[in-house]
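Note on naming: letters A, B, ... go to the chains in the order of the sequence lines (proteins, then strands), and numbering restarts at 1 for each one. Below, all heavy atoms of this structure are taken into account, side chains as well, without hydrogens, waters or symmetry copies.
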Amino acid sequence: MNSRFLPPLEAWFAARGWQVFPFQREVWQAAQEGQSGLLHASTGAGKTYAVWFAALLRAAALAAPAAPAARKPPRGLRLLWLTPMRALAADTLRALQESSAMLAPDWRIESRTGDTSSAARARQARQLPEVLITTPESLSLMLSQNAARSQFERLDMVVVDEWHELMGNKRGVQVQLALARLRRWQPQLVVWGLSATLGNLERARDVLLGGAHGVLVEGALRKQILVDTLIPEHPARFPWAGHLGLQMLEAVAREIAGHGATLVFCNTRSQAELWYQNLLAARPDWAGLIALHHGSLDKEVRDWVELGLKQGRLRAVVCTSSLDLGVDFLPVERVLQIGSAKGIARLLQRAGRSGHAPGRSSRLTLVPTHSLELLEAAGAIQAVKERDIEARRAPDKPLDVLVQHLVTVALGGGFRSEELLEEVRGAWSYRALGDEEWQWALDFVARGGQSLIAYPEYRRVLPDEEGVYRVPDQAIGRRHRMSIGTIVSDASIQVKFLRGSRIGSVEESFISRLKQGDHFLFGGRILEFVRVHEMTAYVRRASGSRGAVPRWQGGKMPLSSELAHAALEQLRRAATGEYASAEMRAIRPLLEIQQRWSALPTPGQTLAESLRSREGRHVFIYPFAGRSVHIGLAALLAYRLGQRKPASFSIAVNDYGFELLSADADSDWAEYFDLPHGAEVALFSSEHLLEDVLASLNAAELSQRRFREIARIAGLVFGGYPGQPKSQRQLQASSSLFFEVFRKHDAGNLLLTQAQREVLEQELELGRLRVTLDELRQRAVSWHETARPTPFGFALMVERFREKLSTEKLSDRIARMLRELEKAAGP
DNA sequence: GACCTGCTGCGGTCTG
């Protein structure tokens, strides 16, 4: 490409009254020189950038040496634009088409996800448009076509929008593998990513580019972001625990009434249902002006809500992360976050949903649901000011995604082992893939591994006489294309009115607890359950205002380290009497009770509390490391204490700390924490950490759950044909069958190893657990025997999570039960 | 005196 076309490009923009920013010029310059990179786009919509990039390519195409006069300019795909969401693809397509008359009148600009008619697909199969907007899944599908290579032969540039959303998960790995393939076909390929603010932008660039050289361009437009807190009117009477936060209902309703369109973010779907219902009850005149939006509602319902937001018809929408991304809702003026945002990145993302136009600022208001969240709010506001934002880690060589990719490539023209290995290692996540691991994956798709040799449906890929691996059977190819992707969703039950219109879906377990005639709250309405037929629950509208609320078994996100540290820092200041912010002044009375009865946990000192109650002996410890670390830590300590003296513990955790409870109130195990500094160090040792963690938790059961997802991605378990979903139970049965077969007959199966690794790394956050142990060993323990639960301890006592761990000998247990019986029976 | 968590995203077949 030739840089002399940069000035005309700028003139082109200027003629349309579009401002050109210095960082934009930087991207153009770099891309024209054939460089790849990452643009840190802290503000602005991807679709605007799409126009910039298309303009750049167009200028370059015009600059290329003219084709012989008689010939038409060559057609074919030039720019591939990847977005993580279909809604974004549609939005970007619209923006590009609006400028296409001026930009490139003879270019076709299409989206692969927009028009999925067979005519459109056939046209694209013959000849791709010059600009194609699509998703990671669709790109993989294209790579699975036999003629894939020729479709991409003219490709100049790939841009990955919202890369921060993809890089940390398996969808991002899928993108990495696809890019490695495109780069191999087209070594000059220019790849750019657009990313929101992350704690590790350089790494984000490296992951995208497979470690190859690239630039990082800083988008200079820094949006003003205002974060504040809705302080409870009577902080002293605000609950010490709880997550629903309906005490704030009136205050929230007043906020909504006093401002323009508002998004009300909730952390869970059932919470959103309850808030929507309660807001309507508090302001009946808002019927039709407020709406509900979450991932289990039917697409048609959600589309209606999104349109209403866009057109400015709605005053407020109560939602979950379903509205984190997606098209821009210009009218949104305010964002409310009910309960903990759990992380700074998420908070900024949500804040950015408001004031979505140049020059306008974003405003987010935190709504605490219990007292300690005031502390989190104070920390969050500070962290936002300092832009202390979480990093994202790319998964490390997930073999399920690799196995899927092998079949995709075998379908898309076939591969030779050594060549594909080299290509795969060009993807960041597989840069350290070992030869044995490669051989294992190859063997797995060729024979199904050791234990499945007898089953032809697992011989998915076979080498021909020339050593080219291909898929030998059409049916296998069809099945594979139907299950491409890394998103595994649980089978759920459709909810429909008797007349047939769809409302959404709930989990099977919830419906199975309902009897005919029972009422439940879903989609913002009270429904009466009628019957279940073929994975569909039929309902009718019900009168009344009460009903059970469906619970969905979703992910459990822990408080991020950044936010936890920010909260702990606020405690450090409070310990020295510094209460500078409104949040901290509101929580002051509570923290003073905490200090009076015990002490404040601070970054330099671990607080341990002990309490005797009717339930037994409690120890509370507050490392502020997030709930998943606390689960591992609590189980580990219980295990290590149990090694010294047989005991049985109940465990409770939250994001701030954990509780160990032993029913034996007279036992002296708790005093281990009260010994002179050094005695507890052995408990906090990170020696034999892995063994102890595995021994202390039911790791097999956790792995089995993980394995369900892995089996789906690796293509072991087929989700069923559209319109006839297998029930949850069927899916579980087949994946657990594989799990058992592998464990018994194929212990070296690397998918099993991967399941265990994912549990340790993602569910228990072993790395963070190790860091926490190191911190705990270095800090002094401040030990307090208290007469009653402190504010921090109370929150733990009401946590419902109770995990039994018993290293106690059966006889001791029976003796204890007898003692209790005698006590209960009286003299 | 206080309480009752758990997100999001995509894709596809067959017939005549």
Which nucleotide sits closest to the side chain of [X]: [options]?
| X | options | value |
| --- | --- | --- |
| A/R171 | B/dG6, B/dC10, B/dG12 | B/dC10 |
| A/E137 | B/dT8, B/dC10, B/dG9 | B/dC10 |
| A/M482 | B/dG9, B/dG6, B/dT13 | B/dT13 |
| A/R112 | B/dG9, B/dG12, B/dC7 | B/dG12 |

Checklist entry - Can you check whether A/I503 reaches A/V301 side chain to side chain, under 4.5 Å on heavy atoms? => result no
How far apart are the closest heavy atoms of [X] and [Y], and which atoms are they?
| X | Y | value |
| --- | --- | --- |
| A/L244 | A/W275 | O-NE1, 2.8 Å |
| A/P550 | A/L521 | CD-O, 2.8 Å |
| A/P558 | A/E765 | CG-OE1, 3.5 Å |

d([atom1], [X]; [atom2], [N]) in whole Å:
| X | N | atom1 | atom2 | value |
| --- | --- | --- | --- | --- |
| A/W597 | B/dG1 | CH2 | P | 10 Å |
| A/R481 | B/dC14 | CZ | P | 10 Å |
| A/Q247 | B/dG1 | CD | P | 17 Å |
| A/E709 | B/dC10 | CD | C1' | 14 Å |
| A/E306 | B/dG9 | CD | C1' | 13 Å |
| A/H480 | B/dC10 | NE2 | P | 19 Å |
| A/M557 | B/dC7 | CE | C1' | 5 Å |
| A/R353 | B/dT8 | CZ | C1' | 13 Å |

Does any donor atom in the side chain of [X] or [Y] lie under 3.5 Å from an acceptor atom in the other side chain?
| X | Y | result |
| --- | --- | --- |
| A/S429 | A/Q176 | yes |
| A/R502 | A/Q494 | no |
| A/W81 | A/T134 | no |

Next on the checklist: Strictly distance-based, threshold 3.5 Å: is any side-chain N or O of A/H630 a donor or acceptor partner for the main-chain N or O of A/A625?
Outcome noted: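 Checking the backbone N and O of A/A625 against the side chain of A/H630, a donor-acceptor pair under 3.5 Å is found.
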What nucleic acid atoms does [X] come within less than 4.0 Å of, heavy atoms only: base, sugar-phosphate, or nothing?
| X | result |
| --- | --- |
| A/Q553 | sugar-phosphate |
| A/A272 | nothing |
| A/S138 | sugar-phosphate |
| A/K170 | nothing |
| A/G485 | nothing |
| A/R269 | sugar-phosphate |
| A/H370 | nothing |
| A/T135 | sugar-phosphate |
| A/S140 | nothing |
| A/T113 | sugar-phosphate |
| A/L166 | nothing |
| A/Q174 | nothing |

Under 4.0 angstrom between [X] side-chain N/O and [N] OP1 or OP2:
| X | N | result |
| --- | --- | --- |
| A/S322 | B/dG9 | no |
| A/R86 | B/dG11 | yes |
| A/R302 | B/dG9 | yes |
| A/R551 | B/dG6 | yes |
| A/R478 | B/dC14 | yes |
| A/T320 | B/dT8 | yes |

Checklist outcome for this item: Each base of DNA chain B marked ( ) or [ ] if paired in-strand (Watson-Crick or G-U under 3.5 Å), | if paired to another strand and . if unpaired gives ................
Checklist entry - Less than 5.5 Å between centroids and less than 30° between ring planes, does A/W240 satisfy that with B/dG1? => result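 No, the aromatic ring of A/W240 does not stack with the base.
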Next on the checklist: Between B/dG6 and A/R627, counting only base atoms on the nucleotide and side-chain atoms on the residue, is there a donor-acceptor pair under 3.5 Å?
Outcome noted: yes
Checklist entry - Any chance the rings of A/Y656 and A/Y622 have centres within less than 6.0 Å? => result no
Checklist entry - Parallel, tilted or perpendicular: which fits the ring planes of A/F794 and A/W240, with parallel below 30° and perpendicular above 60°? => result perpendicular
Item to check | Earlier contact from the 5' end, DNA chain B, for A/T486 and A/C266 | outcome: A/C266
